There are 2 protein chains.
Amino acid sequence: MQTIKEVAKMAGVGLGTVSRVLNDSGYVKESTRQKVLAAVEALHYVPNDVARNLRHQSTRFVGLIIPTIWHPFFSKLAYFIEQELYLYDYKMLLCNSEQALDKELRYFEMLQKSQVAGIIMISYNDFPEPQSDLPIVTIDRIISPRFLHVSADNRHGGELAAEALVQRGCRKLLFLGSASPVPTEVDKRREGFVRKARELGVSCTVYEETVLLKQELSVIQNFLAQDIPFDGALTSSDLFAAALIKALGDKGQTCPDDFQVIGFDGIQDNPYFKPILATIRQPVEKMARRSVELLLDKINNQAAGEDTIIDIEFFAGETVKPIV
Amino acid sequence: MQTIKEVAKMAGVGLGTVSRVLNDSGYVKESTRQKVLAAVEALHYVPNDVARNLRHQSTRFVGLIIPTIWHPFFSKLAYFIEQELYLYDYKMLLCNSEQALDKELRYFEMLQKSQVAGIIMISYNDFPEPQSDLPIVTIDRIISPRFLHVSADNRHGGELAAEALVQRGCRKLLFLGSASPVPTEVDKRREGFVRKARELGVSCTVYEETVLLKQELSVIQNFLAQDIPFDGALTSSDLFAAALIKALGDKGQTCPDDFQVIGFDGIQDNPYFKPILATIRQPVEKMARRSVELLLDKINNQAAGEDTIIDIEFFAGETVKPIV
DNA sequence: AATTTTATTGAAATTGTTTCCAAATGAATT
DNA sequence: AATTCATTTGGAAACAATTTCAATAAAATT
């Protein structure tokens, strides 16, 4: 491999001079600059960031720990995070934790050893306080006051859903979905929904189970076995909404005529597949960009911006009726 | 930050001894081992991989360059690649190229500077031969004989689709989708399809435009404007299939009664959304694992395995009729 | 012409680790 | 008691860059 040494020798200059040319720092005569650049070109020299990082005692790596990239919500988030990091010349290390705490911890350690500049993390586990003071942003869940945090306004999302359903004639509301063993933003969706339902004077049932991703159907089956009546539902995610509609459809009930459903997240981004879910859309792009902004602020200034709650919106789709 | 030096001082031993303990290499007395480990614990020492990498002249980073993680095919692929890399203690740097050559090149350079051990790449551009001999695996397209390569058996996929449609009564076949400016595996899908159609004695039209991702609808509109008759279509991707069904649905034609459609890729992985596309399923997981296997072989042994074509299967879904 | 300032350069020190080498210790063998 | 051999250890060199420092050269000012 070619190093700065070979470049220096070929150009007939000292090591420092090559470095100065490469980094545009300090004085260097134009003619020597040209000699050095010519040598760089001729030798196909590529700077070694490992050495540079060691000397600088820092890297431009950022770790992203998410449950799984194989889920449209997280993949969209990761897309925008990477895009934003790229603008600032940071590189993204992707870590799929499978929602398992031990994997999250192992990844965390791995990232620390790699001297990442910071970490963006989505964890729904009881993540322990780390020793280090590595800059960390959590999305969708407050883990520690020492971490920065970005979320959508989930409580408001719950309220919007309750309002939308009641406006459309529903009187027996249902919140259906999965709960985490620890407090999360999903709780706020439920809280906002239940509170608004009470405020509007309609009944509201909550059915939750603690399950991992992709377990939607089994939760739905358990719920249906209980024969709880409802005419409008908010689910904890879009996939639950779709699964509910599917399960009831198999029993001959149609949406939105027999029941109305609103999902949460907004993962459908093309209009080709049915049903087009009514949903509370998370502002994924804004969340991603804000997370990066907060993280880089912290990395560069130590004085970081504030935790951020980003507004959310209701999208009517086809699984609710028109307003009466 | 704590270094091996502080650990050595605290444990009252030399630098080399600490290193030997940490790496389980060479001789070290049990009692000193304990002293060192105690110091590591007490100081919350975390090894610095940057320094280690510099000394070893290698890293355990692998770059993944894909058009966009915000697309289910690539996100699924990335998921399995990361999972497999994790088993071997490699970390994945994710790069979204947006299918733009300049971004691919900039990422390539970035990864080189970071001294990645290898790169897995999906590019549909005219990617130039690099100078370096960095281990590289390309998926879904042969770019250079110097790169290793993994694909699905796309030609066979095209054949399977033609057979399936003809078996189901189609006589006027259509291949519809996007083409790249360079030869890709999509060409093989078309070739297999057209060849099998001819073999079976049915007519076959090809309609292709060169577009980026997410442009499906405009291609479909242009195609429909030409009023080309067909009764069975294979599209270059699932999204094209869904868009075609949607567009014709808006015109009052229903699938599979008025026309049958088979997509390509197999991106639907839950049964909640309609239509459930008939499709040629790419063996994404196998492709991912094989790519990693090939890459690591090359990294570790230089003597690498062979380019791999992985078999593909037809999934009937709901957008084709039962066999007549 | 002497002095100051600015421009230009190479050499040396530094970053945190691994690994080689020499020295020292201890045990086993002659 | 002398020699061999296996353990155990600390120190130095190396990895590829950056940055400080001092030295020199050139230009500008007195």
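Nothing here was measured: the structure is a model prediction, and the numbers come from that model.
Each of A:Gly14 and B:Leu54 has a nearest nucleotide on DNA chain C; the 5'-most of these lies closest to A:Gly14.
In this pair, B:Phe73 and B:His71 present their aromatic rings perpendicular. The plane angle is above 60°, beyond the 30 to 60° band.
B:Asn125 and B:Gln99 share no side-chain donor-acceptor pair at under 3.5 Å. Side-chain atoms of A:Thr3 and A:Glu6 form a donor-acceptor pair, as typed in the model, at a separation below 3.5 Å. Donor-acceptor pairing under 3.5 Å is recorded for the side chains of A:Gln112 and A:Ser132. The closest side-chain donor-acceptor pair between B:Tyr79 and B:Gln83 falls under 3.5 angstrom. Neither side chain, B:Trp70 nor B:Asn96, offers a donor N or O lying under 3.5 Å from an acceptor on the other. There is a side-chain donor-acceptor pair under 3.5 Å between A:Asp140 and A:Tyr124.
In the helix from C:dA1-D:dT30 to C:dT30-D:dA1, the end axes, each obtained as the rotation axis mapping the C1' atoms of four pairs onto the next four within a five-pair block, lie 50° apart to the nearest 10 degrees.
If you check every strand for non-hydrogen atoms under 4.0 Å, A:Val13 touches sugar and phosphate atoms only.
The separation between B:Gln57 atom CD and D:dA14 atom P is 13 Å, rounded to whole Å. Regarding B:Tyr27, its OH atom lies at a distance of 15 Å from the C1' atom of C:dA24, rounded to whole Å.
Relative to the ring axis of A:Tyr86, B:Lys103 places its NZ or CZ within 45° and under 6.0 Å from the centre.
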* Starting at the 5' end of nucleotides 17-29 of chain D, put B wherever the base has a protein heavy atom under 4.0 Å, S where only the sugar-phosphate does, and a dash everywhere else. => BBB----------

* Candidate pair A:Glu293 and A:Arg290, rule salt bridge (Lys or Arg N to Asp or Glu O under 4.0 Å), full reasoning -> CA-CA 5 Å; A:Glu293 190 185 8; A:Arg290 179 61 179 155; 3.2 Å; yes

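Against DNA chain D, the stretch residues 29-39 of chain A makes no heavy-atom approach under 4.0 Å.
For the pair A:Ser123 and A:Ile65, the minimum side-chain heavy-atom distance is 4.5 Å or more.
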